[in-house]
Structures are given as structure tokens and as C-alpha cells.
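Any value given below was found using the heavy atoms of this structure, including those in side chains, with hydrogens, waters and symmetry copies removed. When a residue number appears, it is its place in the shown sequence, counting from 1. From a predicted model like this one, the values you see are computed outputs, not experimental measurements.
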Amino acid sequence: MQPDDILVADMCDQILYGTYVGGNLSTAIKARTGNGGAVIWGGILDLEQIVDTPGFQAYYRGIHPSPIGDVMMTGMNVPSRTGHTVCLPGDVVLGTISGVTFIPAHLAEYVPSCPEKT
């Protein structure tokens with residue numbers, strides 16, 4: 001991961017044994033990316049530790065204390081179907097209190113509420 005990168009993982013809406021991000025991974029993502037975060041179409045665990053990670057943003061479907069299991073990684077830095085949308089590598093992630101959307105990088109400058117591209 002590079003500075004300002006966002007981890008996007010499609011866990012097929014699996015929360016039980018679909019907990020991709022926990023306290024340790026969120027701390028590592030924050031340390032590696034600076035302002036990065038995570039979008040998980042599935043579960044997370046260790047919410048208390050994640051909340052205590054300053055500046056780390058996480059969007060997720062649910063919380064469960066189970067370890068990750070019964071899943072298989074099929075690719076890294078590849079297009080991902082997340083919910084009802086597709087995230088391509090390089091897309092700008094716009095997360096608000098209402099949810100998350102992915103904006104193609106070449107269109108980001110035309111979105112008024114989108115952060116500046118780097």
C-alpha cells in the first residue's frame with residue numbers, strides 16, 4: 001500500500017468468519033498509508049482498537065469477534081465488486097456518513113465534494 005491508499009475487500013457480505021480487518025491490520029494500514037483506511041463488504045473485529053487508531057477510517061457491514069475463515073483471496077489490486085458497485089484500482093473512495101462510493105480517477109475532478117487527487 002502507498003500513502004493515502006484505501007484497502008477495499010469484498011467479503012461477500014460475510015460477517016461471521018468474514019472479519020477482514022482487526023486492530024492489528026488497521027494499525028498497519030494507518031502506519032503504511034498515513035491517511036488511508038478500509039472499505040470492507042463484510043465484517044471487522046477489534047472495533048475498540050480500530051476506533052482508537054487516530055485518523056483511520058473504516059466502512060464495514062458488521063462486527064463479530066470470530067476470526068477470518070471460510071474465505072479465499074482471489075486477487076490483489078484487481079477490480080472488485082463491493083456491494084452493488086465495482087471498485088477499480090486507482091478509483092477515488094468517497095466515504096460519508098451516508099455510505100461509500102467509488103469515483104473513477106479521471107472523473108474525480110468533476111465531483112464537487114471529492115477530495116483532490118494526488
Side-chain angles (χ1 to χ4, degrees):
M1 296 187 79
Q2 303 296 318
D4 299 325
D5 274 357
I6 305 292
L7 182 140
V8 178
D10 179 11
M11 302 301 290
C12 301
D13 210 12
Q14 182 174 329
I15 297 170
L16 175 66
Y17 299 117
T19 51
Y20 192 84
V21 171
N24 293 337
L25 184 55
S26 64
T27 301
I29 292 170
K30 174 64 178 163
R32 178 79 174 157
T33 64
N35 292 323
V39 176
I40 309 298
W41 192 256
I44 65 168
L45 69 159
D46 303 332
L47 182 60
E48 292 81 10
Q49 188 175 349
I50 292 172
V51 169
D52 287 341
T53 306
F56 183 80
Q57 293 289 320
Y59 294 88
Y60 53 91
R61 296 285 290 160
I63 305 163
H64 199 273
S66 62
I68 191 170
D70 198 26
V71 295
M72 176 176 42
M73 183 173 170
T74 58
M76 185 169 63
N77 207 26
V78 297
S80 170
R81 181 170 182 262
T82 305
H84 300 284
T85 189
V86 173
C87 178
L88 301 174
D91 281 359
V92 175
V93 179
L94 178 61
T96 69
I97 196 166
S98 300
V100 175
T101 191
F102 303 103
I103 303 164
H106 70 282
L107 297 176
E109 65 184 278
Y110 300 108
V111 178
S113 60
C114 188
E116 292 182 30
K117 293 190 311 185
T118 56

Quick note, side-chain hydrogen bond (donor to acceptor under 3.5 Å, both in side chains) partners involving residues 12-34, not counting sequence neighbours, are Asp13-Arg61

Which donor-acceptor pairs under 3.5 Å do side chains of residues 86-98 form with protein atoms, sequence neighbours excluded?
| unit_1 | atom_1 | unit_2 | atom_2 | d |
| --- | --- | --- | --- | --- |
| Asp91 | OD2 | Leu88 | N | 2.9 |
| Thr96 | OG1 | Ser98 | N | 3.1 |

Hey, does Gln57 have a side-chain heavy atom less than 4.5 Å from the side chain of Ile6?
-> no

Is it possible for you to say whether Leu16 and Val21 belong to one hydrophobic cluster, with membership spreading through side-chain heavy-atom contacts below 4.5 Å?
-> no

Donor-acceptor pairs under 3.5 angstrom involving side-chain atoms of residues 70-81: please list them, not counting sequence neighbours.
| unit_1 | atom_1 | unit_2 | atom_2 | d |
| --- | --- | --- | --- | --- |
| Ser80 | OG | Thr82 | OG1 | 3.3 |
| Arg81 | NH2 | Gly83 | O | 3.4 |

Residues two or more places apart in sequence or in another chain: which of them pass side-chain hydrogen bond (donor to acceptor under 3.5 Å, both in side chains) with Thr101?
-> none

Rounded to the nearest 0.5 Å, how far does CE of Met11 lie from OH of Tyr60?
-> 16.0 Å

Less than 3.5 Å apart, which donor and acceptor atoms pair up between the side chains of residues 35-48 and the rest of the protein, not counting sequence neighbours?
| unit_1 | atom_1 | unit_2 | atom_2 | d |
| --- | --- | --- | --- | --- |
| Asn35 | ND2 | Asp4 | OD1 | 3.4 |
| Asp46 | OD2 | Gly23 | N | 3.1 |

Mind checking whether Ile29 and Tyr59 sit in one hydrophobic cluster, side chains of I, L, V, M, F, W, Y counted as touching below 4.5 Å?
-> no

